Number of protein chains: 2
Amino acid sequence: MLRYAILELLHHKPLSGYDLRRRFGGSIVFFWKANHSQIYPELKRMENEGLLSAKRVPHEWRPTKKVYAITPKGQRDLEAWLRRRPKLQSVKDEMMLRCFAFHLVPADEADAQIRHHRDLHEERLRHYIAIRKDLERKHGRLLETADPILFWNVLTLRQAIAHERTYIAWCRWALRRHQAFRDRMERGHAHLAG
Amino acid sequence: MLRYAILELLHHKPLSGYDLRRRFGGSIVFFWKANHSQIYPELKRMENEGLLSAKRVPHEWRPTKKVYAITPKGQRDLEAWLRRRPKLQSVKDEMMLRCFAFHLVPADEADAQIRHHRDLHEERLRHYIAIRKDLERKHGRLLETADPILFWNVLTLRQAIAHERTYIAWCRWALRRHQAFRDRMERGHAHLAG
DNA sequence: GGTGCATATATCAGCAGTGACATATCTCGG
DNA sequence: CCGAGATATGTCACTGCTGATATATGCACC
């Protein structure tokens with residue numbers, strides 16, 4: 001997977017491992033992250049497979065860079081991958097796995113967990129919205145016009161935002177429902193006591 | 001991660017590797033899947049660590065089962081895990097990575113990809129809704145009352161459904177926007193030609 | 001002269017996860 | 001009697017990914 005993300009980025013322009021690392025987890029790719037410890041070996045492997053070509057570029061002030069460019073073979077690989085029909089990824093969501101087991105912890109602890117998670121998603125949502133504002137500022141009316149790269153970029157950003165909003169809405173809903181559940185328990189006990 | 005899913009399931013009742021495998025990817029756990037090739041070695045490892053105890057249970061008709069039960073140490077591990085505050089998982093979504101690169105394929109191919117993905121998510125949504133119907137049928141009014149296990153189960157199911165609905169809505173929206181984009185391109189060319 | 005920081009590349013151990021291969025029992029139908 | 005299918009457990013090679021560790025340059029600041 002990682003290799004296709006790299007190929008897409010190098011399709012725009014040649015980059016070093018360090019540059020790539022900043023792209024992942026930065027503003028451009030919302031749906032893939034990678035550490036340098038994964039990127040450098042992958043670049044080497046891709047070079048060996050003929051998907052990339054490397055060139056050492058010295059710099060006066062800074063350490064020498066190894067800049068990678070996509071080869072015709074790399075281009076073909078990327079386009080072939082884009083035409084495949086992958087099956088659905090299986091969902092792996094740690095928070096939801098925990099939620100499944102929340103009957104094992106006190107109600108207050110469960111609430112705290114959900115609130116914490118809601119906060120994290122709100123932060124990520126703000127991050128995405130900042131990126132969107134940035135795109136709007138930089139490209140203005142162009143967002144509505146004819147640049148395909150920008151068009152697909154905006155589409156994925158919209159999905160990222162929709163995803164975060166859904167998650168946050170679920171957290172809020174869950175907290176309300178949990179409160180109602182706790183109230184019912186209370187009344188249940190009161191009923192038994194009375 | 002897998003180990004905590006296993007511990008949660010074994011907290012309810014002892015199960016064999018085969019039973020566990022059917023639980024994952026079946027109706028109960030929506031947010032975690034696992035193959036038997038991952039489950040069996042993990043069970044062995046957990047037994048060695050004292051989180052589980054194993055017992056061979058022979059059967060007249062069928063091969064002998066190795067049934068695992070959670071130990072007190074396993075219980076403590078599970079509860080400690082539930083109290084941790086994990087950081088946000090990084091999103092890895094292959095479809096969105098592809099979408100990012102759709103400027104490299106013909107517009108019809110991009111549409112076909114999105115429609116295909118929408119269909120897959122619609123199928124999964126139908127699956128989740130069937131599970132919810134099943135829960136409603138089996139438990140009826142109990143869904144609104146006082147069983148914590150059922151309560152959290154319903155909450156996670158709701159999140160799964162919300163997630164699928166968001167994804168499907170995005171696919172539909174993306175297809176509309178893409179059509180509008182293609183129309184604009186057409187008009188652009190017509191303008192240039194006229 | 002020392003410390004911290006950004007730049008830049010690389011390796012390693014270890015856990016996570018996949019798909020293929022392997023083996024065995026018992027039942028049911030042809 | 002043979003094959004298909006459910007039950008049941010396991011291994012293996014490979015890729016994916018994380019966190020830690022290592023190394024080196026040059027700059028700014030104290």
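So you know, we letter chains A, B, ... as the sequences are listed, proteins then strands, and number each from 1. Bear in mind that the values here come from a model prediction, so they are computed numbers and not experimental data.
- If you take OH of Tyr40(B) and P of dG17(C), they are 18 Å apart, rounded to a whole angstrom.
- Per the geometry, OH belonging to Tyr18(A) stands 9 Å off P belonging to dT9(C), to the nearest Å.
- The CZ-P distance, from Arg22(A) to dA8(C), rounds to 6 Å in whole Å.
- Salt-bridge formation is not detected for the pair Glu123(A)/Arg118(A): no Lys NZ or Arg NE/NH1/NH2 atom is positioned less than 4.0 Å from an Asp or Glu carboxylate oxygen.
- Across residues 86-94 of chain A, not one residue has a non-hydrogen atom less than 4.0 Å from an atom of DNA chain D.
- Side-chain to base pairing of Ser37(B) with dG17(C): no donor and acceptor N or O lie closer than 3.5 Å to each other.
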Donor-acceptor list for residues 47-56 of chain A side chains, cut-off 3.5 Å, not counting sequence neighbours:
from, atom 1, to, atom 2, distance (Å)
Asn48(A), ND2, Lys44(A), O, 3.4
Glu49(A), OE1, Arg3(A), NH1, 2.9
Glu49(A), OE2, Arg3(A), NH2, 3.2

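- Atom P of nucleotide dG17(C) and atom NZ of Lys33(B) are separated by 14 Å, given to the nearest angstrom.
- No side-chain heavy atom of Asn35(B) sits less than 4.5 Å from a side-chain heavy atom of Tyr40(B).
- Using bins of under 30°, 30° to 60° and over 60° for the plane-to-plane angle, the ring pair His121(A)/Tyr167(A) lands in the parallel bin.
- Remark on DNA chain D: of its neighbouring residues Tyr68(B) and Leu2(A), the 5'-side contact belongs to Tyr68(B), judged by nearest-heavy-atom nucleotide.
- Taking atom CH2 of Trp81(B) as the reference point, atom C1' of dC15(C) lies 16 Å away to the nearest angstrom.
- At the heavy-atom level, Arg45(B) lies under 4.0 Å from the strands shown only through sugar-phosphate atoms.
- Taking atom NZ of residue Lys66(B) and atom P of nucleotide dT25(C), one finds them 18 Å apart after rounding to whole Å.
- Residues Phe31(B) and Gln159(B) are in side-chain contact: their nearest non-hydrogen atoms beyond the backbone lie under 4.5 Å apart.
- No hydrogens or angles considered: nothing links the side chains of Gln38(B) and Glu42(B) as a donor-acceptor pair under 3.5 Å.
- Put simply, CG on Leu43(B) is 15 Å from C1' on dA16(C), counting in whole angstrom units.
- Between Pro41(A) and Thr64(A), the residue anchored nearer the 5' end of DNA chain C, judged by the nucleotide with its closest heavy atom, is Thr64(A).
- Cation-pi check for Arg158(B) over Trp170(A) is not met; the charged atom does not lie both under 6.0 angstrom from the ring centroid and within 45 degrees of its normal.
- Within the 4.0 Å cut-off from OP1 or OP2 of dG17(C), not a single side-chain nitrogen or oxygen of Asn35(B) is found.
- Ring centers of Trp173(B) and His178(B): at least 6.0 Å apart, outside the cut-off.
- Rounded to a whole Å, the CD atom of Gln38(B) is 13 Å from the P atom of dC15(C).
- Judged by distance alone, with hydrogens and angles left aside, His36(A) brings no side-chain donor or acceptor close enough to the base of dA8(C) to form a pair under 3.5 Å.
- Criterion: ILVMFWY side-chain heavy atoms under 4.5 Å apart, direct or through other members. Under it, Met1(A) and Ile6(A) are part of a common hydrophobic cluster.
- In summary, contact between chain A and DNA chain D, defined as any nucleotide atom under 4.0 Å from a heavy atom of the protein, begins and ends at dG16(D) to dC27(D) in the 5' to 3' direction.
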